[in-house]
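Working notes, beginning with the structure itself.
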Amino acid sequence: MENLDWKNLSFGYIKTDYNIRCFYKDGKWGELIVSDSEYIDIHIAATALHYGQEAFEGLKAYMGKDGRIRLFRWEENARRLAYSAEGIKMEAFPVEKFREAVFRIVQLNRRFIPPYGTGATLYIRPLLLGSGAEVGVRPSAEYVFIVFVTPVGPYFKGGIRPVDMLICRDYDRAAPKGTGTFKVGGNYAASLRAGMDAKEKGYASTIFLDAKEKKYIDECGPANFFGIRDNTYVTPKSESILKSITNMSLIELAQNLGIKTERRQIPVEELAEFSEAGACGTAAVISPIGKIFDPERNITYEYCRDGNPGPVTLKLYNKLTAIQFGDADDEFGWISVVE
Ligand SMILES: *Cc1c(COP(=O)(O)O)cnc(C)c1O
């Protein structure tokens with residue numbers, strides 16, 4: 001095993017041994033190619049570089065107490081990458097090839113999988129980009145699929161902690177019939193001004209509102225939003241948010257734990273009705289929200305007044321992470337073991 005300071009890993013990039021690439025050319029995907037270089041050669045007129053034809057995914061490999069390596073719902077990531085590809089007119093990467101690439105990259109970089117008990121994981125980053133030369137605005141005829149990994153620390157060192165968020169009305173991330181439901185780099189470029197603005201003001205992240213009416217909650221930068229009221233898990237229904245696999249999973253867990261669930265529009269004022277709120281995604285699983293500030297109305301919505309996450313948030317977080325690390329039974333069939 002690699003000699004890294006596993007307990008103090010950040011959510012950054014650390015070089016590992018190998019990555020995998022696959023090229024689409026002349027109307028077909030080639031073989032997976034294992035590389036130890038961190039660079040790719042790309043045409044200066046590649047559509048990814050000037051027209052943003054790029055999509056990505058994010059998932060993790062978890063080391064269990066039993067020494068087995070687990071992946072969480074990788075098929076959902078494979079399917080979502082194909083959905084994103086179609087959304088920006090790229091050639092989809094076949095699900096079976098995705099499986100092969102992801103399993104292989106984990107096996108090849110086995111020594112970088114953080115030990116059980118550190119809370120750290122091996123983050124897996126697949127990406128797909130248009131690599132063919134075009135100057136006119138049209139989809140590329142050539143694509144590259146890449147998957148690399150990097151060990152990442154637990155998002156919250158020493159247990160989950162509430163973070164504060166800022167409601168954003170000055171910028172939009174995605175329009176209702178735009179690209180918000182696709183996991184594409186362009187949405188992230190579009191979110192940077194809002195994200196930096198929130199950070200400069202001392203908030204962990206932005207909460208975007210729906211771009212059209214600015215009445216409803218959309219999502220929290222790179223994570224979905226949920227609120228808890230009257231033993232109900234409520235999460236936004238919107239045409240401009242990414243369908244988080246973590247959120248889908250929390251909904252199933254909640255139902256299984258006897259918590260009601262609703263996916264519907266959430267008006268900003270409803271923030272006053274929630275007893276708990278959180279942001280969810282693969283990176284942090286759940287970031288409990290301590291406070292949300294609405295600058296226009298000059299209102300602060302407060303949750304977790306004692307500095308701890310609320311009971312429903314904690315229950316969901318503990319259950320989901322227990323399944324991911326293999327401490328709880330995989331009763332939903334979400335886990336694949338990498339041999
Ligand atoms: C990736 C992502 C999420 C979280 O999705 P998960 O599948 O749970 O990791 C949420 N919002 C946006 C905008 C994202 O890109």
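Counting starts at 1 for both ligands and their atoms, following the listed order.
At a heavy-atom distance under 4.0 Å, only backbone atoms of Ala223 (N, CA, C or O) approach ligand 1. With a 4.0 Å cut-off on non-hydrogen atoms, Leu242 touches ligand 1 through its side chain and not its backbone.
Hydrophobic clustering (side-chain heavy atoms under 4.5 Å, transitive across Ile, Leu, Val, Met, Phe, Trp, Tyr) keeps Ile299 apart from Phe208. Transitive grouping of hydrophobic side chains (ILVMFWY, heavy atoms separated by less than 4.5 Å) keeps Ile241 and Ile266 in distinct clusters.
Ranking the protein heavy atoms by distance from atom 11 (N) of ligand 1 puts Glu219 OE1, 2.7 Å first. For atom 10 (C) of ligand 1, the nearest protein heavy atom (residue, atom name, distance) is Pro222 O, 3.1 Å. In terms of protein heavy-atom proximity, atom 2 (C) of ligand 1 is nearest to Lys183 NZ, 2.5 Å. For atom 9 (O) of ligand 1, the closest non-hydrogen atom of the protein is Thr282 OG1, 2.5 Å.
Each of the atoms 2 (C), 12 (C), 13 (C), 14 (C), 15 (O) of ligand 1 lies under 4.0 Å from some heavy atom of Tyr188.
Side-chain rings of Phe274 and Phe226 stay apart, their centers remaining 6.0 Å or farther from each other.
Using 4.0 Å as the threshold, Gly221 has a heavy atom nearer than that to some atom of ligand 1. For Gly58, the heavy-atom gap to ligand 1 stays at 4.0 angstrom or more. The closest approach between any non-hydrogen atom of Arg173 and ligand 1 is below 4.0 Å. Heavy-atom distances between Arg80 and ligand 1 reach below 4.0 Å in at least one pair.
The stretch residues 244-255 participates, sequence neighbours left out, in these salt bridge (Lys or Arg N to Asp or Glu O under 4.0 Å) pairs: Arg73-Glu252.
At under 3.5 Å, not a single nitrogen or oxygen of Lys243, backbone or side chain, sits near a nitrogen or oxygen of ligand 1. Considering backbone and side-chain atoms alike, Phe56 places every N or O at 3.5 Å or more from each N or O of ligand 1.
A salt bridge links Arg99 with Glu96: the closest approach of a Lys/Arg side-chain nitrogen to an acidic carboxylate oxygen falls below 4.0 angstrom. Salt bridge present: Arg264 and Glu270 bring a charged side-chain N and a carboxylate O closer than 4.0 Å.
Under a 3.5 Å cut-off, the side chain of Tyr143 and the backbone N or O of Ser140 do form a donor-acceptor pair.
When hydrophobic residues (I, L, V, M, F, W, Y) are linked wherever their side-chain heavy atoms come within less than 4.5 Å, the members clustered with Leu127 are Tyr13, Phe23, Ile33, Ile40, Ile42, Leu49, Phe56, Leu129, Val144, Ile146, Phe148, Tyr188.
Annotation for Tyr233 and Ala254: closest pair CB-CB, 4.4 Å, computed over non-hydrogen atoms.
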